[in-house]
Protein chains: 2
Amino acid sequence: MKTTIYDVAREAGVSIATVSQVINGKGKISEERRQEIMQIMERLSYQPSVIASALTGKKTYTLGLLIPDISNPFFAEVARSVEDQGNQHGYSLIICSTDNKDERVERYLSLLQQKSVDGIIIGTGVENKEILNPLMESSIPTILIARDMAGLDLQTVLVDDFAGGTMAAQHLLELGHQALAVLAEDPKVSSSRERIRGFKETLVGSGIDLPGHWVQTCKDDLVKEGKLKAKALLQQTQRPTALFCCNDLLAIGALQAAKELGVKVPRDLSIVGFDNTILATVTDPPLTSVSQPTESMGKLAVDLIIEQLKTKVGSTPRRVLSPELCIRGSSAKPQQG
Amino acid sequence: MKTTIYDVAREAGVSIATVSQVINGKGKISEERRQEIMQIMERLSYQPSVIASALTGKKTYTLGLLIPDISNPFFAEVARSVEDQGNQHGYSLIICSTDNKDERVERYLSLLQQKSVDGIIIGTGVENKEILNPLMESSIPTILIARDMAGLDLQTVLVDDFAGGTMAAQHLLELGHQALAVLAEDPKVSSSRERIRGFKETLVGSGIDLPGHWVQTCKDDLVKEGKLKAKALLQQTQRPTALFCCNDLLAIGALQAAKELGVKVPRDLSIVGFDNTILATVTDPPLTSVSQPTESMGKLAVDLIIEQLKTKVGSTPRRVLSPELCIRGSSAKPQQG
DNA sequence: TTGAAAGCGCTACCAC
DNA sequence: GTGGTAGCGCTTTCAA
């Protein structure tokens, strides 16, 4: 049997109330008693039950993190940052990979509520916002990370995706590209939409068109689909000289497609990714990619949750961080004629 | 206020015991009542509290996963597999990145116990096995994944690391290499030790020596240190023509080192990695790597935990899966004199 | 077939 | 300073 607060109390010849006080450092206990009880807890290797205390004290010291896929390096990095910052304050992290599927989001959200997590960080796209209703009504501190969702009154930490798209476009335009295409994520992913909007507006601002069929969408297996769609784009008679991919996974698919088709990167095709994950540093050629400050985002998200937990009020509604363009070998001037 | 079982009972004009029974599908309830109560729960959008039920029923439906680092793609893949399989059975997953640090392992283990998780999966190295004592005494189902630990009486799911090392060596020997070196992980990581043992024994079996200073160990930032150590190896006057890296991260470091030094891979240097993560498919050149069946391992680990939960007894003590060599572009015949 | 009641381990309030 | 005690929301006998 696990040792409980009763065992400690009995052993010390005091009441459980007293033991509880020394555990929580509350109330007034004589230094003598305190020491004595601490020693007994040590000796009995007593571990207070978070479960029991949560049933009264209200805190489970657990956070939930919803992301599309923990095996996507970008989200793994975010998760690591959230984990570390949470751990700093005594919180554990429950990982929820949603594959951007509403049913999975709904299921996980319900699970997290039943488990009374202290806060939820959402970094996954949601198609039908109604599935968030139960959460909104629940008063569980919630914050959005790396995602935006209009009209939802949730604190949000994200990178300026629009600006990121702009940077990618500018870079490519400066290199002299005129025929640009895009590999997009599922339209339900707001960050992807914004990136493309930034990209497109910049092109249009320079008098360059982005035809609809040059924006290809990928949903599930990003690398695989990215490869497929990139191939389709490259096999047209009139083909793009530059490709903006909404994340590194798609860019890798594109890189593979190019290789298979004998299209040289960056000579025949420039590729720009997004997220600047470890993947971008190891590809052949290394990937030019727009970088997100994952670490700051994770830290910030946790800090905001903890603040909400304390003050019951979210201070800043939005924190928009700046992306940065990392230029590597996958982008260059287009070949002439 | 959250709706509780009392609200439902009151609304239905029955006792909480009855409601509890329909929730858990136990006891005998008239079909009529059952339907009625179900509807009321639905209407009140009642969510049973896992916390409260755990305090009695004993299950938290939460699993803990200890790994070195969630942002290492190999472990992210394992985590994803564990998450999915657990979720299948209603379990959530708490991620614990330990950086292979005993203090972190100890801290997390204690946290997980206080949270009364139903099971713990350990995929991280431990130097001082004593820190596992509290866990061993706790009767929390525990299983080791992708790790071995002698004399610990824990169910284990892993790949045959020794065989993996052998495969790497054989491959390199068959190509004709005679001067081989190794990039190792922290010796506390059993899998790394075994891989090297397999590698070394195979060399010795072919009459080739593996000098001690040609086995370099990396501990923290694997890519960075791998690069550093690889550089050191390559800058010797007498340098290896092949390098076996205990995981893909190290191999990437090696790849970077070679690039910086102008050492052509695979012409001047063959590199073999381990884990066959997504990284291996995107490097330049693509990495020859020993692959682990991450998905099966994760599934198996969860199944074994659930079995222990049910039967209180671990059936099979060890499940050893087979690695597989994926030959890609980073390994080739050594250049002649 | 249903309900009353005794906990699960802990916190917090109020007496002493 | 310290202890008694009423819950927190739920499960589970045991009676009715």
Side-chain angles (χ1 to χ4, degrees), chain A residues 1-38 40-41 44-62 90 113-118 138-140, chain B residues 1-38 40-41 44-62 90 110-111 113-118 138-140:
Chain A
M1 218 61 281
K2 215 166 161 284
T3 74
T4 74
I5 198 171
Y6 286 96
D7 302 322
V8 177
R10 191 180 321 117
E11 191 75 8
V14 300
S15 78
I16 61 165
T18 306
V19 178
S20 175
Q21 309 213 116
V22 349
I23 293 172
N24 301 290
K26 291 189 177 175
K28 275 117 212 353
I29 312 275
S30 65
E31 192 48 31
E32 194 186 6
R33 276 236 179 298
R34 148 169 257 96
Q35 288 301 335
E36 189 188 336
I37 293 176
M38 301 272 278
I40 292 179
M41 295 197 297
L44 269 42
S45 52
Y46 165 67
Q47 308 252 65
S49 157
V50 174
I51 296 295
S53 98
L55 196 51
T56 2
K58 289 295 132 210
K59 296 243 281 178
T60 52
Y61 285 97
T62 306
Q113 280 183 258
Q114 291 177 210
K115 297 202 171 156
S116 315
V117 296
D118 295 332
S138 73
S139 81
I140 296 181
Chain B
M1 219 61 283
K2 214 167 162 282
T3 73
T4 73
I5 198 171
Y6 286 96
D7 302 322
V8 178
R10 191 181 320 117
E11 191 75 8
V14 299
S15 79
I16 61 167
T18 306
V19 178
S20 173
Q21 312 218 107
V22 350
I23 293 172
N24 300 290
K26 291 191 178 175
K28 275 114 211 354
I29 313 276
S30 65
E31 191 50 30
E32 193 184 8
R33 277 238 179 298
R34 149 169 256 94
Q35 288 301 334
E36 190 187 334
I37 293 176
M38 301 272 278
I40 293 179
M41 295 198 296
L44 268 40
S45 52
Y46 165 67
Q47 308 251 70
S49 157
V50 173
I51 297 294
S53 95
L55 196 52
T56 8
K58 290 295 134 209
K59 295 242 283 178
T60 52
Y61 285 97
T62 306
S110 162
L111 253 172
Q113 279 183 260
Q114 290 178 211
K115 296 203 171 155
S116 315
V117 296
D118 294 333
S138 74
S139 81
I140 297 182

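Source: prediction; values computed, not measured. What's counted below: heavy atoms across the whole structure, side chains too, no hydrogens, waters or symmetry copies.
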*Does any N or O in the side chain of Lys115(A) come within less than 3.5 Å of the main-chain N or O of Thr60(A), such that one atom is a donor and the other an acceptor?*
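Not a single qualifying donor-acceptor pair exists.
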
*CD1/Ile37(A) to CD1/Ile29(A) distance, rounded to the nearest 0.5 angstrom?*
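If we round to the nearest 0.5 Å, Ile37(A):CD1 and Ile29(A):CD1 are 6.0 Å apart.
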
*Mind checking Val19(B) for me? I need base, sugar-phosphate or nothing, with any heavy atom below 4.0 Å counting as a touch.*
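Answer is nothing: Val19(B) stays at 4.0 Å or more from every strand.
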
*At under 4.0 Å between heavy atoms, what does Ile16(A) touch on the DNA or RNA strands: base, sugar-phosphate, or nothing?*
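Ile16(A): base contact, heavy atoms under 4.0 Å.
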
Nearest to the side chain of [X], heavy atoms from C-beta on, is which of [options]?
X: Ser15(A); options: dT2(C), dG9(D), dG4(D); result: dG4(D)
X: Tyr6(A); options: dT11(C), dC10(C), dT2(D); result: dC10(C)
X: Lys26(A); options: dG1(D), dC10(C), dA12(C); result: dA12(C)

Roughly how many Å is it from [atom1] in [X] to [atom2] in [N], rounded to a whole number?
X: Ile51(A); N: dC10(D); atom1: CD1; atom2: C1'; answer: 12 Å
X: Gln21(A); N: dA12(C); atom1: CD; atom2: P; answer: 10 Å
X: Ile37(B); N: dT1(C); atom1: CD1; atom2: P; answer: 13 Å
X: Gln114(B); N: dC10(C); atom1: CD; atom2: C1'; answer: 13 Å
X: Met41(B); N: dC10(D); atom1: CE; atom2: C1'; answer: 13 Å
X: Lys2(A); N: dC10(C); atom1: NZ; atom2: C1'; answer: 11 Å
X: Ile5(A); N: dC8(C); atom1: CD1; atom2: P; answer: 14 Å
X: Glu36(B); N: dT2(C); atom1: CD; atom2: C1'; answer: 13 Å

Phosphate-side-chain proximity, [X] and [N], N/O vs OP1/OP2 below 4.0 Å:
X: Thr18(B); N: dG3(C); result: yes
X: Thr56(A); N: dC8(D); result: no
X: Tyr46(B); N: dC10(D); result: yes
X: Arg33(B); N: dT2(C); result: yes
X: Ser20(A); N: dT11(C); result: yes

*Could you check if a side-chain atom of Val19(B) sits within less than 4.5 angstrom of a side-chain atom of Ile40(B), using non-hydrogen atoms only?*
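Heavy-atom side-chain distance check fails, nothing below 4.5 Å.
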
*For the residue pair Val22(A) and Met41(A), establish whether any side-chain heavy-atom pair is separated by less than 4.5 Å.*
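Heavy-atom side-chain distance check passes, below 4.5 Å.
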
*For residues Ser138(A) and Gln113(A), report the shortest heavy-atom separation together with the two atoms involved.*
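Shortest heavy-atom separation between Ser138(A) and Gln113(A) comes out as CB-NE2, 3.3 Å.
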
*Mapping Ile29(A) and Ile23(B) onto DNA chain D by nearest heavy atom, which one lands closer to the 5' end?*
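It is Ile29(A), whose closest nucleotide lies nearer the 5' terminus.
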
*Find which nucleotide of DNA chain C each of Leu55(B) and Arg34(B) is nearest to by heavy atoms, and output the residue with the more 5' nucleotide.*
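Final value for this comparison: Arg34(B).
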
